Protein chains: 2
Amino acid sequence: QSLYEKLGKTNRTVDSELEGQIETLRDTQRKYGNILRLARALTSHFYHVVQTQSSLGECFSDLAHKSPELQEEFLYNAETQRNLTKNGQHLLAALNFFVSSINTIVNKTMEDSITTVKQYEVSRVEYDAYRSDLDYYREAPKTEVNQMKLGETESSFNAKKTEFEKLRSDVQIKLKFLDENRVKVMQKQLLLFHNAVSAYFSGNQTALEATMKQFAIKVKSPNSQPPSWMQQ
Amino acid sequence: QSLYEKLGKTNRTVDSELEGQIETLRDTQRKYGNILRLARALTSHFYHVVQTQSSLGECFSDLAHKSPELQEEFLYNAETQRNLTKNGQHLLAALNFFVSSINTIVNKTMEDSITTVKQYEVSRVEYDAYRSDLDYYREAPKTEVNQMKLGETESSFNAKKTEFEKLRSDVQIKLKFLDENRVKVMQKQLLLFHNAVSAYFSGNQTALEATMKQFAIKVKSPNSQPPSWMQQ
């Protein structure tokens with residue numbers, strides 16, 4: 001059936017509204033996958049920045065004790081790097097939360113709908129195949145064999161039609177809920193991302209901590225391992 | 001002579017004040033080498049953060065145009081990432097300037113003094129070797145051969161002594177100027193580093209630009225290549 005469709009030798013059932021929605025879903029998954037990739041890269045690079053700031057803080061602190069001639073200079077630099085390391089842990093926790101939420105929506109929620117879409121698409125091809133057969137036997141000479149075949153095909157067609165319509169309705173429902181869920185999740189996550197990033201890069205530790213609290217994000221200890229997905 | 005010294009079978013000329021200064025120089029070179037290594041790592045990781053922020057800004061901006069339902073959320077995030085990218089270029093220029101200055105002091109200025117120190121140390125061993133020979137011939141039975149050898153050794157010893165004292169004085173002068181220079185350079189660089197980092201991480205773009213101006217640092221275009229030393 002797929003082959004005949006590609007050759008243009010048969011006609012297919014088209015639900016252009018639904019197919020448009022499916023195309024949009026695939027496109028959105030691709031685009032959000034791109035956000036996910038970049039957010040992971042940002043988290044990974046930023047993780048290394050914070051680790052280096054921590055080492056630099058220790059290095060400056062050590063030199064402050066051992067260099068009376070530059071004590072003041074090393075001290076204020078050690079202090080700054082220490083503060084940045086501490087605040088950096090907070091931003092890292094927020095970035096990890098963002099990455100984890102986007103990963104769920106792209107690779108779990110959207111992927112689940114895509115799986116149903118694929119089942120629907122397979123079912124649509126089978127449904128159209130039975131429909132073609134049915135047309136064939138209806139227009140064929142009314143021999144006994146053909147009449148028997150027509151009966152068999154009709155019952156197969158009806159069973160497939162029920163399955164196909166069930167799956168179409170499943171897809172329609174899933175897409176509707178997915179879209180509502182997606183907008184809700186993205187609104188929350190994009191707000192978190194913006195507030196955490198803005199607070200951190202404007203040195204507003206109080207605002208950063210308030211954001212963390214608002215989104216119920218826990219900060220890991222400075223020596224915790226990077227997430228397993230992190231690029232090395 | 002070195003071997004005899006290690007075996008404790010001869011005595012060596014000791015200038016404990018100068019040797020202490022040399023040990024301090026080597027220690028300082030090691031410690032500043034550590035600052036250099038960490039500053040390079042920080043610059044490299046931060047360079048990748050800025051590159052990712054730039055890509056993320058474009059990604060958000062693209063999505064803002066294509067997602068009316070989340071336009072506002074994508075727009076303010078695009079704006080934030082764009083600003084961070086711009087400010088990040090300024091901090092990168094300051095970090096590169098810091099790295100380049102520390103590299104000069106560790107691998108050029110200090111290394112030049114270390115080379116003179118090495119020449120001085122070789123000369124010291126040779127000088128002590130002639131001194132031992134001289135002691136030997138002075139205490140040896142006064143045969144004609146020994147008297148001749150004594151004369152030869154005396155003249156070699158005096159030539160070596162002149163060279164040795166010249167090199168000792170060179171080292172002393174270099175160490176004194178190096179130390180004055182080092183303190184002056186480090187005061188300036190540590191102030192720059194602190195001011196640039198503090199201004200950037202408190203979102204104070206005006207202060208960051210003022211720091212750049214104060215230290216006459218030029219900002220490269222966003223698409224410029226990373227410095228050749230950068231870790232990939």
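Predicted model, so just to flag it, every value in this text is computed and none were measured. So that the names make sense, note that chain A is the first sequence line, chain B the second, and so on, each numbered from 1.
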Quiz item: Closest approach of B:Thr52 and A:Leu38, non-hydrogen atoms and distance?
Solution: CG2-O, 3.3 Å

Quiz prompt | Nearest heavy-atom neighbours spanning B:Ala39 and A:Leu56 | solution = N-CD1, 4.4 Å

Quiz item: Please walk me through it: do A:Leu191 and B:Glu73 pass side chain to side chain contact (heavy atoms under 4.5 Å, CB included)?
Solution: CA-CA 7 Å; A:Leu191 182 67; B:Glu73 285 81 358; 5.7 Å; no

Quiz prompt | Proximal component of B:Thr80, with respect to chain A [non-hydrogen, under 4.5 Å] | solution = side chain

Quiz item: For B:Tyr32, is it the side chain, the backbone, both, or neither that has a heavy atom closer than 4.5 Å to a heavy atom of chain A?
Solution: side chain

Self-check item: OG-CG distance between B:Ser198 and A:Asn77, expressed to the nearest 0.5 angstrom
Solution: 7.5 Å

Contact part of [X] toward chain B, heavy-atom cut-off under 4.5 Å: side chain, backbone, both or neither?
X	value
A:Gln81	side chain
A:Val183	both
A:Leu84	side chain
A:Leu42	both

[X] vs [Y] side-chain heavy atoms within contact, under 4.5 Å:
X	Y	answer
A:Phe201	B:Gln53	yes
B:Arg182	A:Glu69	yes
B:His45	A:Tyr47	no
B:Leu190	A:Phe60	yes

Quiz item: Could you name the residues of residues 103-117 of chain B that have a heavy atom within less than 4.5 Å of a heavy atom in chain A?
Solution: none

Quiz item: Among B:Asn34, B:Ile35, B:Val197, who wins on heavy-atom pairs under 4.5 Å with chain A?
Solution: B:Ile35

